[in-house]
Amino acid sequence: MADRFFPNVLADFVPESSPSTPQEQQDAGSIGAQDSLTKLLAMPYAPLSERFKRAALDLKETIAVETWGLTGQHIRDFTLYCGVLGTAFLLFKSYQVTNNKNDLNLSSQIVKACDSASLGSRDATFICGRAGVCALGAVVAKHVGDEQSLRYYLAQFEKIKLPNNLPDELLYGRVGFLWACLFLNKHLGQGTVPSTYIATVVDEIIRRGRALGRQGRCPLMFEWYGEKYWGSAHGLAGIMHVLMDMELKPDELEDVKGTLKYMINNRFASGNYPASEEDRKRDVLVHWCHGAPGIALTLAKAAKVFGDTQFMDAAVNAAEVVWNRGLLRRVGLCHGISGNAYVFLSLYQLTGNVVYLYRGKAFACFLLDRAHRLISQGEMHGGDRPYSMFEGLGGMAYLFLDMVDPCQAKFPAYDL
């Protein structure tokens with residue numbers, strides 16, 4: 001199991017230091033020194049945030065060239081998960097941080113190509129389907145000031161049909177479509193996607209979840225390809241995460257709470273969580289997609305929504321698992337260090353406890369200091385799609401941009 005992650009030998013906490021002499025300032029600014037990671041962790045946050053910003057912008061340029069500039073704009077994968085829409089999403093994030101209009105315009109250009117490539121796609125979600133193209137396209141068009149494109153993307157979004165056999169999970173299912181609706185309403189104004197339409201999708205998710213839940217002990221249960229997953233990508237955590245942003249009836253809210261408490265009561269003794277109902281004995285995965293990290297994000301959200309200390313305690317417990325076993329030998333958001341760092345940033349925002357800020361900073365600094373070297377040495381997996389948002393360096397660049405202002409950090413395409 002240990003070969004999945006690097007042993008975490010980072011100090012539990014390193015207070016920030018303020019160099020007092022020119023030589024100390026020079027030493028603190030050097031990441032080529034033997035103890036470069038410790039010096040990064042001790043660096044005052046203002047200069048460290050600049051480090052993250054510079055690294056993010058350098059990565060962003062490389063990713064744009066590799067995924068767009070060298071391809072002749074030939075799109076094999078339009079999705080946000082591993083395709084070129086992830087590059088557009090990263091460029092939009094860069095624009096939000098730097099106000100660089102070149103990033104915004106390139107994002108718009110890439111989305112237009114993704115629009116053509118995704119016509120006819122049957123996938124309807126934000127992360128892996130046409131809804132992501134139309135939703136991001138509309139929001140980018142608003143920022144560009146392109147009213148014609150804004151109207152076009154919204155009209156295209158309205159044409160998306162959810163087939164009856166669609167699953168309910170985040171990557172390919174109903175809640176993945178609902179997240180696109182939330183994204184549009186956040187950026188373009190409540191009511192952009194009517195609440196009555198959203199309610200019909202929510203009703204179907206609740207109905208299906210209750211039907212399968214009645215066969216067991218959990219109020220809501222869902223299947224994806226025959227398995228009852230628990231994690232964020234395909235299972236309970238992701239579905240509950242999105243449902244908590246919906247206008248639910250009191251009995252539906254109780255079902256969401258009961259489902260999360262069922263998961264807490266049936267977690268591993270370690271504090272980690274099974275990948276699925278069928279996989280209750282394998283305490284291995286500590287990923288956003290399966291295991292403690294993604295579930296911790298959902299529990300932290302539940303603590304905020306419901307004010308229930310059981311959710312807060314469980315989120316803290318899951319975060320300990322991530323701290324001890326979450327320095328994965330992968331770089332990405334879905335199953336890598338970049339995604340796991342957001343657990344601590346979420347808890348920092350919820351509690352104000354600087355220990356969580358330090359832990360998020362520690363994971364990000366580990367990547368800043370070592371990721372490229374470890375990937376080149378074959379000790380860390382850079383992702384099958386190495387420049388992508390959810391598997392590769394795109395997610396790391398996004399994390400670095402979020403580290404510029406960690407109080408506003410949000411796991412991309414998961415937290416609003």
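All values below come from the heavy atoms of this structure, side chains included, with hydrogens, waters and symmetry mates left out.
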For this session: Report the C-alpha separation of Phe400 and Phe52 in whole Å, then their side-chain angles, then the decisive distance to 0.1 Å, and conclude whether the ring pair (Phe, Tyr, Trp, His ring centres under 6.0 Å) test is met.
Result: CA-CA 5 Å; Phe400 289 172; Phe52 283 125; 5.4 Å; yes
For this session: Let me see the working for Phe311 and Lys301 under side chain to side chain contact (heavy atoms under 4.5 Å, CB included), right down to the final yes or no.
Result: CA-CA 9 Å; Phe311 296 133; Lys301 184 173 183 177; over 6 Å; no
For this session: Evaluate side chain to side chain contact (heavy atoms under 4.5 Å, CB included) for Leu345 paired with Met403, printing each intermediate quantity in order.
Result: CA-CA 9 Å; Leu345 301 179; Met403 293 305 297; 3.8 Å; yes
For this session: Evaluate the side chain to side chain contact (heavy atoms under 4.5 Å, CB included) criterion for residues Met246 and Leu182: first the C-alpha distance (whole Å), next the side-chain angles of each, then the deciding distance (0.1 Å), finally the verdict.
Result: CA-CA 9 Å; Met246 300 294 126; Leu182 291 169; 3.5 Å; yes
Problem set entry | Verdict with reasoning, His290 to Asp279, per side chain to side chain donor-acceptor pair (under 3.5 Å) | CA-CA 11 Å; His290 301 294; Asp279 194 13; over 6 Å; no
For this session: Please assess Phe363 against Ser338 for the test side chain to side chain contact (heavy atoms under 4.5 Å, CB included), listing each intermediate value before the final yes or no.
Result: CA-CA 8 Å; Phe363 272 36; Ser338 298; over 6 Å; no
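Atom CE in Met240 sits 11.5 Å away from atom CD1 in Ile295 (nearest 0.5 Å). The distance from the OG atom of Ser108 to the CG atom of Asp103 is 12.5 Å, given to the nearest 0.5 Å. Atom CG of Leu41 sits about 10.0 Å away from atom CD of Glu16, to the nearest 0.5 Å. Note: Lys60 NZ to Asn100 CG = 5.5 Å, rounded to the nearest 0.5 Å. Here the straight-line distance linking atom CE of Met221 with atom OH of Tyr229 works out to 13.5 Å at 0.5 Å rounding. In this structure, CG in Leu220 is found 7.0 Å from CZ in Arg210, a value given to the nearest 0.5 Å.
Between the side chains of Tyr153 and Asp115, no donor N or O sits under 3.5 Å from an acceptor N or O. Counting only N and O atoms by type, the side chains of Asn340 and His287 include no donor and acceptor under 3.5 Å apart. In summary, the side chains of Arg130 and Ser121 do not present any donor paired with an acceptor at a separation below 3.5 Å, with no hydrogens or angles considered. Side-chain contact, Asn8 with Asn324: no donor N or O sits under 3.5 Å from an acceptor N or O. For the residue pair Thr79 and Asp77, a side-chain donor N or O sits within less than 3.5 Å of a side-chain acceptor on the partner.
No donor-acceptor distance shorter than 3.5 angstrom exists from the side chain of Thr87 to the backbone of Gly83, with no hydrogens or angles considered. Remark: the backbone N or O of Gly332 is not paired with any side-chain donor or acceptor of Glu391 at under 3.5 angstrom. Judged purely by atom type and a 3.5 angstrom limit, Glu223 has no side-chain atom pairing as donor or acceptor with the backbone of Glu227. With hydrogens and angles disregarded, no donor-acceptor distance shorter than 3.5 Å links the side chain of Ser149 to the backbone of Asp146. Of the possible donor and acceptor atoms, none in the side chain of Ser94 sits under 3.5 Å from a partner among the backbone N and O of Leu90. At distances below 3.5 Å, not a single donor-acceptor pair connects side-chain atoms of Ser49 with backbone N or O atoms of Val404. Asn353 places no side-chain N or O within 3.5 Å of a backbone atom of Leu347 that could act as its donor or acceptor partner. Of the possible polar contacts, one joining the Asn185 side chain to the Thr192 backbone as a donor-acceptor pair under 3.5 Å is found. Not one N or O on the side chain of Ser346 forms a donor-acceptor pair closer than 3.5 Å with the backbone of Tyr342. A donor-acceptor pair is defined here as one N or O able to donate and one able to accept, closer than 3.5 Å; such a pair exists between the side chain of Asn272 and the backbone of Leu285.
In Lys261, the NZ atom is crowded: over 12 heavy atoms of neighbouring residues, nucleotides or ligands sit closer than 6.0 Å. When the shell of 6.0 Å around CD of Gln148 is examined, it contains 12 or fewer heavy atoms from other residues, nucleotides or ligands. Around CZ of Arg280, the count of heavy atoms belonging to other residues, nucleotides or ligands within 6.0 Å exceeds 12. Summarising the local packing, CZ of Arg373 is surrounded by more than 12 heavy atoms from other residues, nucleotides or ligands at distances under 6.0 Å.
The heavy-atom pair separating Asp308 from Lys257 by the smallest distance is OD2-CE, 4.5 Å. The heavy-atom pair separating Ser232 from Leu170 by the smallest distance is O-CB, 3.6 Å. When all heavy atoms of Glu278 and Lys228 are compared, the pair lying nearest together is OE1-N, 3.1 Å. Shown here for Gln156 and Leu119, the closest heavy-atom pair between the two residues is OE1-CD2, 4.0 Å. When every heavy atom of Ile110 is checked against every heavy atom of Ala88, the shortest pair comes out as CG2-CB, 3.9 Å. Listed here is the closest heavy atom pair of Ala131 and Ala124: CB-O, 3.1 Å.
Between Trp68 and Ile75 the shortest side-chain heavy-atom distance falls below 4.5 Å. For the pair Glu204/Leu162, no side-chain contact is recorded, criterion being any heavy-atom separation below 4.5 Å from C-beta on. With a 4.5 Å cut-off on side-chain heavy atoms, Ile206 and Leu243 count as touching. Using a 4.5 Å heavy-atom threshold, the side chains of His381 and Asp384 count as touching. Side-chain contact between Met263 and Arg267 is absent, with no heavy-atom pair separated by less than 4.5 Å. Side-chain contact between His372 and Leu393: present, with at least one pair of heavy atoms (C-beta onward) separated by less than 4.5 Å. Side-chain contact between Phe126 and Cys181 is absent, with no heavy-atom pair separated by less than 4.5 Å. With contacts defined as side-chain heavy-atom distances shorter than 4.5 Å, the pair Phe177/Phe157 qualifies.
Aromatic ring centroids of Tyr273 and Phe268 lie 6.0 Å or more apart.
Ionic pairing of Asp203 and Lys249 is present here: one or more N-O contacts between side-chain nitrogen and carboxylate oxygen are shorter than 4.0 angstrom. Contact check on Asp283 versus Arg325 returns a salt bridge, with a Lys/Arg side-chain nitrogen under 4.0 Å from an Asp/Glu carboxylate oxygen. Between Asp402 and Lys93 there is a salt bridge, since a side-chain N of the basic residue sits under 4.0 Å from a carboxylate O of the acidic one. Under the 4.0 Å criterion applied to side-chain N and carboxylate O atoms, Arg359 and Glu320 are assigned as salt-bridge partners.
Between His234 and Tyr172, the ring planes are parallel. Angles under 30° get that label, and only those over 60° would be called perpendicular. Ring planes of His143 and Tyr95: perpendicular class, angle over 60° (limits at 30 and 60°).
Just one of Trp288, Tyr398, Phe183, Phe390 meets the ring-ring contact (aromatic ring centres under 6.0 Å, His included) condition when paired with Tyr414; it is Trp288.
Taking the ring centre of Phe6 as origin, the terminal cationic atom of Arg329 falls inside the region bounded by 6.0 Å and 45° from the ring axis.
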